[in-house]
Amino acid sequence: MNTLRSIKGTHDILPEQSRRWQSLEQNIHNFMERYGYAEIRTPAFERTELFARGVGSETDIVSKEMYSFRDMSDTSVTLKPELTAPVIRSYLQHNLGRITPLTKLYYIDHAFRQERPQKGRYRQFHQYGVEALGSPHPEIDLEIIAIAYFSLLELGLENLTIKLNSIGSSECRTAFREALKDFLRPHLNDLSETSRRRFDTNPMRILDTKVPHEAEIVKSAPIIAEYLTSADRAHYEELKSGLKSLSIPFEEDSNLVRGLDYYTRTTFEIISPALGAQSSVCGGGRYDGLIETLGGKPTPGIGFATGIERVLLAQDAAGIIANPQNTKIYLISLDDPGRAANLVLISQLRNAGIKSDMDYLRRSMKAQFREANRLGAEFVIINGNTEIKAGTVQIKDLNTGEQSAIAPADLISHLLK
RNA sequence: GUGGGCGUAGCUCAGCAGGUUAGAGCAUCUGGUUGUGGCCCAGAAGGCCGUGGGUUCAAGUCCCAUCGCUCACCCCA
């Protein structure tokens, strides 16, 4: 094919899929309404600086995955690679905190990362997510995880695993980081190049290693849990007991660190077995330092993001399909006068709220019937010279095969009763 | 950035150890029924065999390159 193609890692959402997207989006809107979250929509691109400061310049996202360019005023801008930082920027810019001390927002949006695509990982991808800004207390952590989990259940996902960890507040992370470096230092020569680099830039990421012999070393590394302050620990325990009381299952995973710099205390991830290598459908956590980092007054926050393409993949695995919207009535034209009459009739039907369609290709009657079947029509109207002379149209029930004459003026009331 | 798999009709795929006009199923259109669908039957239309080069009397088939898709590593939604 010599035709133009979409950019690698980007995809058209075609008619056969768009219905599923609409249904999923509607589901999320309804769900968030119930939980008292309001939608926020941020621009497709932001100043590069927002992500460098907010996400962390040492993260993979910022260091190698961003679509960045300079605009006409030579400002470096970036297609948003994640959605939390723009929401916080907007929250600060418009001082949303003035309205209520706790701001509850959700979004359904797309993001862009320049990675090598694979199953469940695309360069333009979609997420829905929430951010709750203003509460440091574990009950909001509980609500966020509940929303993440229950919304996925509502979307029909099965066999989900919630992985949970607390990586502590900034004080304890500093202590932990030093302890971890002390532990790793003797092994430095055995570590891979990336791990050695992370030793200086972000040693906690080494805990995520997939290299077998490094994973072996890391097994006996210090555990963040031992460095939590008593306040951190109390927060974590309260969250866990809350999850139990809501019967939300979870597994603790002390190596769950997250690739983003801004997380504090609670981090979590939801895994689906239906996805292949990219098994995470949802990731989130608390970010008590982020708002301050972006220039706001110290404000705690927590949120998550769920990958919509991954939800769709998991739905596929669960055999979930969108319910088809059948056409109610299909108009068959037998000749020029019939077609002219049908063009008027179909307009009346549609304006009366009846889902209707007809042939625009001047095909044979047989082809028109086939089309009516394909669309799942309940009735066909048959219209031609004979009918026009009689002042009626033929209406045929495609399920029973019954057919009768009816005056066009009576058609709408007949169909609506 | 690294590695594996795959590019033949609109779609899913055959194509036997290189050998005449490249096939099937589904879908499409037309007809079998001078104005009645789904099933069935018949026919038609539809292919720079991803692209470029090479080997050969001969390449969809072998070799090289290149582009694209895909899966995986890394990391993440």
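Everything numeric in this text was worked out from a predicted model, so none of it was measured. Quick note on labels: first sequence line is chain A, next is B, and so on, each numbered from 1.
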To the nearest 0.5 Å, atom CZ of A/F150 lies from atom OH of A/Y35 at 6.0 Å

Here the distance between atom C1' of B/rC76 and atom CE of A/M66, to the nearest Å, is 15 Å

Across all chains, not counting sequence neighbours, the salt bridge (Lys or Arg N to Asp or Glu O under 4.0 Å) partners of A/R370 are none

In whole angstroms, the gap separating P of B/rA77 from OH of A/Y106 amounts to 21 Å

Reading nucleotides 66-71 of chain B from 5' to 3' and marking B where a protein heavy atom lies under 4.0 Å of the base, S where only the sugar-phosphate is that close, and - otherwise, the string is --SSSS

**Message:** Work out how far the P atom of B/rU51 is from that of B/rC57, and round it to whole angstrom.
**Reply:** 25 Å

Indicate whether OP1 or OP2 belonging to B/rC76 is found under 4.0 Å from a side-chain N or O atom of A/S280.
no

Here the distance between atom P of B/rC75 and atom CZ of A/R121, to the nearest Å, is 10 Å

Checklist entry - If you measure from the P atom in B/rA27 to the same atom in B/rG4, how many Å do you get, rounded? => result 39 Å

Margin query: Distance check, C1' atoms only: B/rU56 and B/rA14, in whole angstrom units.
Written below: 26 Å

Contacts of A/S364 and A/I270 projected onto RNA chain B by closest heavy atom; the upstream (5') one is A/S364

Rounded to whole Å, CZ of A/F304 lies from C1' of B/rC76 at a distance of 17 Å

Taken to the nearest whole Å, CG/A/L313 to C1'/B/rC76 is 15 Å

Checklist entry - In whole Å, what separates the P atom of B/rG60 from that of B/rG7? => result 16 Å

Next on the checklist: Can you see if the side chain of A/R363 gets near the phosphate of B/rC29 - specifically, an N or O under 4.0 Å from OP1 or OP2?
Outcome noted: yes

Can you check the distance between B/rA45 and B/rG31, where both ends of the measurement are the C1' atom (answer in whole Å)? 14 Å

The dot-bracket string of RNA chain B, counting Watson-Crick and G-U wobble pairs with both distances under 3.5 Å, using [ ] for crossing pairs and | for pairs to another strand, is (((((((..((((.....[...)))).(((((.......))))).....(((((..]....))))))))))))....

Hey, does A/A372 reach any base, or is it just sugar-phosphate, or nothing, if we go heavy atoms under 4.0 Å? nothing

Is a donor from one side chain sitting under 3.5 angstrom from an acceptor on the other, for A/Q124 and A/Y67? no

Open item on the list: Let's go through A/R173 and A/T264 carefully: what are the C-alpha distance in whole Å and the side-chain angles of both, what is the deciding distance for side chain to side chain contact (heavy atoms under 4.5 Å, CB included) to 0.1 Å, and is it a yes or a no?
Closed with: CA-CA 9 Å; A/R173 286 177 72 183; A/T264 55; 4.1 Å; yes

* **Aromatic plane relationship, A/F45 with A/F69 - under 30° parallel, 30 to 60° tilted, over 60° perpendicular** => tilted

Fill in: C1' gap between B/rC62 and B/rA17, integer Å
12 Å

Contacts of A/E251 meeting salt bridge (Lys or Arg N to Asp or Glu O under 4.0 Å) (sequence neighbours excluded), chain-then-number -> none

*Are A/N383 and A/N342 close enough that a side-chain donor and a side-chain acceptor fall under 3.5 Å?*
yes

Between CG of A/L152 and P of B/rA77 the distance, given in whole Å, is 14 Å

Strictly below 4.0 Å, N to O, side chains only: are A/D316 and A/R20 in salt-bridge contact?
yes

When rounded to whole Å, the CD to C1' distance for the pair A/E115 and B/rC74 reads 9 Å

| task | Please measure how far the C1' atom in B/rC13 lies from the corresponding atom in B/rU20, and state the result in whole Å. | result | 25 Å

What contact category does A/E82 fall into here, base, sugar-phosphate, or nothing, at under 4.0 angstrom with non-hydrogen atoms? nothing

Measuring only the C1' atom in each nucleotide, how far is B/rC64 from B/rG23? A whole number of Å is fine. 29 Å

- Should the ring pair A/H126 and A/H110 be called parallel, tilted or perpendicular, given that the plane angle runs from 0 to 90° and is split at 30 and 60? tilted

Scan side-chain atoms only and decide if A/E131 and A/T84 contain a donor-acceptor pair under the 3.5 Å cut-off. yes

Does this structure show an ion pair linking A/R265 with A/D141, if we count only N-O contacts that are shorter than 4.0 Å? no

A/L157 CG to B/rA77 C1', in whole Å, measures 13 Å

Partner of A/L164 under side-chain contact (heavy atoms from CB on, under 4.5 Å), picked from A/T267, A/L256, A/I145, A/D253, is A/I145

Whether each nucleotide of nucleotides 36-44 of chain B has a protein heavy atom under 4.0 Å at its base (B), only at its sugar-phosphate (S) or at neither (-) is summarised, 5' to 3', as BBB------

>> At 4.0 Å (heavy atoms only), tell me whether A/A367 reaches a base, stays on the sugar-phosphate, or touches nothing.
In response: sugar-phosphate

Of A/Q127 and A/G384, the one whose closest nucleotide on RNA chain B sits nearer the 5' end is A/G384

For residues A/Y91 and A/T299, is any side-chain donor paired with an opposing acceptor at under 3.5 Å? no

Tested for side-chain contact (heavy atoms from CB on, under 4.5 Å) against A/E226, the lone hit among A/L228, A/I224, A/I223 is A/I223

Ring-face cation contact, A/Y106 with A/K104, 6.0 Å cut, 45° max: no

Looking at A/R5 and A/D12, is there a salt bridge between them, counting it only when a charged N and a carboxylate O are closer than 4.0 Å? no

Contact check, residues 12-34 of chain A vs RNA chain B, heavy-atom distance under 4.0 Å, returns none

